Number of protein chains: 2
Amino acid sequence: MADPEIRLQEMLSKLKDRALRITPQRLAILRILALSAGHPSVEQIHEKVRVDFPTTSLATVYKNIALLKELGEALELGFTDGSNRYDGNRPYPHPHLVCLRCKEIIDPDLSSLADVTAELSQETGFLILSHRLDFFGICSACQSMEKQGEPAKKK
Amino acid sequence: MADPEIRLQEMLSKLKDRALRITPQRLAILRILALSAGHPSVEQIHEKVRVDFPTTSLATVYKNIALLKELGEALELGFTDGSNRYDGNRPYPHPHLVCLRCKEIIDPDLSSLADVTAELSQETGFLILSHRLDFFGICSACQSMEKQGEPAKKK
DNA sequence: TTTTCTGCAAATGCTTTGCATGGGA
DNA sequence: TCCCATGCAAAGCATTTGCAGAAAA
């Protein structure tokens with residue numbers, strides 16, 4: 001994982017380049033996305049921002065996420081069940097491993113990924129530009145907890 | 001690709017098992033999904049059904065797709081830009097290769113995929129149950145057409 | 001002071017649902 | 001005949017947009 005503080009500085013410098021303003025709400029959203037603990041949803045970001053700035057609206061969260069996507073500083077993970085989640089820590093395409101039990105999303109290392117894209121290009125003649133790779137399963141913590149019948153707690 | 005005729009028969013027998021009815025509209029939707037040429041969207045399915053049954057409503061298309069998903073006979077490919085597409089020919093998780101130019105979606109063979117899931121399990125302790133793998137790029141036909149400035153035509 | 005940002009509410013766009021009518025089996 | 005399926009319209013939901021007032025710079 002990238003250092004959240006460095007990511008925050010990167011985001012801030014992109015904003016300064018474009019002469020965009022650093023409001024308290026915006027800064028709070030940036031901090032949450034720079035960390036991207038567990039890959040938060042819009043609702044989760046909204047709730048966290050509201051702790052410090054209770055008047056923050058959902059629209060503001062959406063607008064800031066849209067801005068960061070446009071700047072290439074946040075990655076959107078769209079799921080069909082209406083639960084989009086975001087990653088501002090590593091805002092470029094990379095594989096995700098989703099626990100179906102506790103909903104945590106982790107970023108695995110995957111050295112064999114290069115072999116896959118090579119095989120695809122060679123086989124199909126495609127010029128591969130991007131990808132979206134999600135694996136679903138049960139994390140080791142939830143496998144151990146299986147007997148207790150509840151998902152593993154987030155740290 | 002699975003034989004579309006065999007896929008259609010498989011779908012029909014699932015419906016008969018549950019004593020569900022074979023209406024003309026339903027049969028038309030089944031045929032389109034059994035073939036899944038290019039992985040159609042809801043709108044594309046609707047238009048094709050309307051050729052033979054002009055009164056068919058969007059709601060009917062949605063209801064039948066939901067039924068097939070429930071029966072495990074159709075796979076939904078959700079994209080964030082509000083363009084879900086469906087595969088009833090291979091209704092189980094498998095990699096897709098999406099051309100960003102002509103929007104065609106193809107199903108590549110990918111022998112190196114097994115290595116990837118093995119690496120993931122070993123590295124993270126996850127029990128991998130499913131996946132969603134999409135690669136985005138430009139197909140070879142569209143690469144050739146690039147000078148003409150328009151996407152390759154579907155066959 | 002200027003211009004962007006916020007926050008509210010209304011508008012979107014896709015999908016689902018309720019219900020009366022139609023039509024398989 | 002019995003119910004499931006269709007088709008219409010209304011409802012849902014996440015997200016986007018318009019706009020007036022608030023607040024960065």
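Keep in mind that this is a model prediction, so the values were computed, not measured. Chain identifiers are assigned alphabetically (A, B, ...) following the order of the sequence lines, protein sequences preceding nucleic acid strands; residue numbering begins at 1 within each chain.
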I need the A:Cys99 SG to A:Gln143 CD distance, nearest 0.5 Å. 8.5 Å
With side-chain contact (heavy atoms from CB on, under 4.5 Å) as the test, would you mind laying out the steps for B:Leu133 and A:Val116 before giving the verdict? CA-CA 11 Å; B:Leu133 306 178; A:Val116 171; over 6 Å; no
Looking at A:Arg7 and A:Glu10, is there a salt bridge between them, counting it only when a charged N and a carboxylate O are closer than 4.0 Å? yes
Path from A:Leu30 to A:Leu58 over hydrophobic side-chain contacts below 4.5 Å: yes
Nucleic acid contacts - residues 9-23 of chain B versus DNA chain C, non-hydrogen atoms under 4.0 Å: B:Arg21, B:Ile22
Nt span of DNA chain D in reach of chain A heavy atoms at under 4.0 Å, 5' end first, is D:dA14 to D:dA25
Not counting sequence neighbours, which residues clear ring-ring contact (aromatic ring centres under 6.0 Å, His included) with B:His96? List them please. B:His39, B:His94
DNA chain C contacts made by residues 59-66 of chain B, counting heavy atoms under 4.0 Å: B:Ala59, B:Tyr62, B:Lys63
Any chance you could lay out the side-chain contact (heavy atoms from CB on, under 4.5 Å) test for B:Asn89 and B:Asp107, step after step, and finish with the verdict? CA-CA 11 Å; B:Asn89 185 268; B:Asp107 296 346; 5.7 Å; no
What about A:Ile45 and A:Leu67, same hydrophobic cluster or not, with Ile/Leu/Val/Met/Phe/Trp/Tyr joined at side-chain heavy-atom distances under 4.5 Å? yes
Report the C-alpha separation of A:Val61 and A:Gln25 in whole Å, then their side-chain angles, then the decisive distance to 0.1 Å, and conclude whether the side-chain contact (heavy atoms from CB on, under 4.5 Å) test is met. CA-CA 8 Å; A:Val61 178; A:Gln25 297 94 325; over 6 Å; no
Does B:Asn84 form a side-chain contact (heavy atoms from CB on, under 4.5 Å) with B:Val42? I'd like the steps, not just the answer. CA-CA 7 Å; B:Asn84 288 357; B:Val42 169; 5.6 Å; no
Is B:Arg101 close enough and on-axis enough to A:Phe126, meaning under 6.0 Å and within 45°, for cation-pi? no
Give, ordered by number, those residues of residues 24-36 of chain A having at least one heavy-atom distance below 4.0 Å to an atom of DNA chain C; if nothing qualifies, reply none. A:Gln25, A:Arg26
Is there a side-chain contact between A:Asp134 and A:Phe79 (heavy atoms, below 4.5 Å)? yes
Side chain to side chain donor-acceptor pair (under 3.5 Å) contacts in which one or both residues fall within residues 52-66 of chain B, not counting sequence neighbours: B:Arg26-B:Asn64, B:Ser57-B:Thr60
